[in-house]
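In what follows, a single structure is set out as C-alpha cells and then discussed.
Counting begins at 1 with the first residue of the sequence.
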Amino acid sequence: MNLEMQRFKADFFKALAHPLRIRILELLSEGDKNVNEMKNLIGSEGSAVSQQLAVLRNKNIVMGRKEGNQVIYSLRDPMIVELLGVARQIFNNHLVDTISMLDKINDEQNF
C-alpha cells in the first residue's frame, strides 16, 4: 500500500510539473471556465491550453462537462485550492530565507 501511495503522489506531482498547468489550476480555483476563457486570461494559444488540460484530465485533476458546443472545466477536488495555497506559502518561506541570507551577506560585506 505504501508503494502504491508513493507512486500516486509521484504521478500526481508530475502532472502538476508544468507552469501552464499550474496557471490553469489557479484559474479553475476561481471558478469553472472553458478553454477560450482560459486562453484569453493566460494569453496563450488555445492548443497549448487544450494539451495541458488533457494531461490534467488524464490524471483526474480536472473534469469537463459539455454545455452546448463548449466544454466547461472544473477542479475535480477542491483541495487543489489548498494545495496551491500551501505551495505559495512554501515559496514565500523560501523567499524570506533567501532575503535573510542576502541581508546577512550584505551586513558582513559592510564591515
Requested in this report: Grab the two heavy atoms, one from Asp32 and one from Ser74, that are nearest each other, plus how far apart they are.
Outcome: OD1-CB, 3.0 Å

**Report entry** NZ-CD distance between Lys33 and Gln70, expressed to the nearest 0.5 angstrom
**Finding:** 13.0 Å

Could you go through residues 5-14 and list every donor-acceptor pair under 3.5 Å that involves a side-chain atom there, pairing it with any protein atom two or more places apart or in another chain?
none

Query raised in the report: Can you name the residues that form a side chain to side chain contact (heavy atoms under 4.5 Å, CB included) with Ser44, not counting sequence neighbours?
Result: Leu20, Ile42, Ala48, Val49

Query - Pairwise side-chain contact, Asn34 with Val71, heavy-atom cut-off 4.5 Å (strictly under) - result: no

Query raised in the report: For the atom pair CG (Asn92) and CD1 (Ile99), what is the distance rounded to the nearest 0.5 Å?
Result: 9.5 Å

Requested in this report: May I ask whether Ile72 and Leu75 are part of the same hydrophobic cluster, defined by side-chain heavy atoms of I, L, V, M, F, W, Y residues being less than 4.5 angstrom apart, directly or through others?
Outcome: no

Query raised in the report: Sub-3.5 Å donor-acceptor pair from the side chain of Arg21 to the main-chain atoms of Val55, do we have one?
Result: no

Query raised in the report: What's in the same ILVMFWY side-chain cluster as Val86, cut-off under 4.5 Å, chained through other members?
Result: Ile90

Report summary line: Taken in chain and number order and not counting sequence neighbours, the residues that satisfy side chain to side chain donor-acceptor pair (under 3.5 Å) with Glu37 are none

Query raised in the report: Run the side chain to side chain contact (heavy atoms under 4.5 Å, CB included) check on Val81 and Leu25 step by step: do they pass?
Result: CA-CA 8 Å; Val81 176; Leu25 294 176; over 6 Å; no

Query raised in the report: Hey, are the side chains of Leu28 and Tyr73 touching, using non-hydrogen atoms and a 4.5 Å cut-off?
Result: yes

Report task. Quick one: which residue pairs count as a salt bridge (Lys or Arg N to Asp or Glu O under 4.0 Å) with a foot in residues 47-61, not counting sequence neighbours? Result -> none

Report task. Of all the heavy-atom pairs spanning Ile61 and Ala15, show the shortest one and how long it is. Result -> CD1-CB, 3.6 Å

Report task. Kindly state each residue pair satisfying salt bridge (Lys or Arg N to Asp or Glu O under 4.0 Å) with at least one member in residues 67-91, sequence neighbours excluded. Result -> Glu26-Arg88, Arg65-Glu67

Query raised in the report: Would a hydrophobic clustering, with Ile, Leu, Val, Met, Phe, Trp and Tyr connected at side-chain separations under 4.5 Å, put Met63 with Leu84?
Result: no

**Report entry** ILVMFWY clustering at 4.5 Å (side-chain atoms), partners of Phe91
**Finding:** Leu95

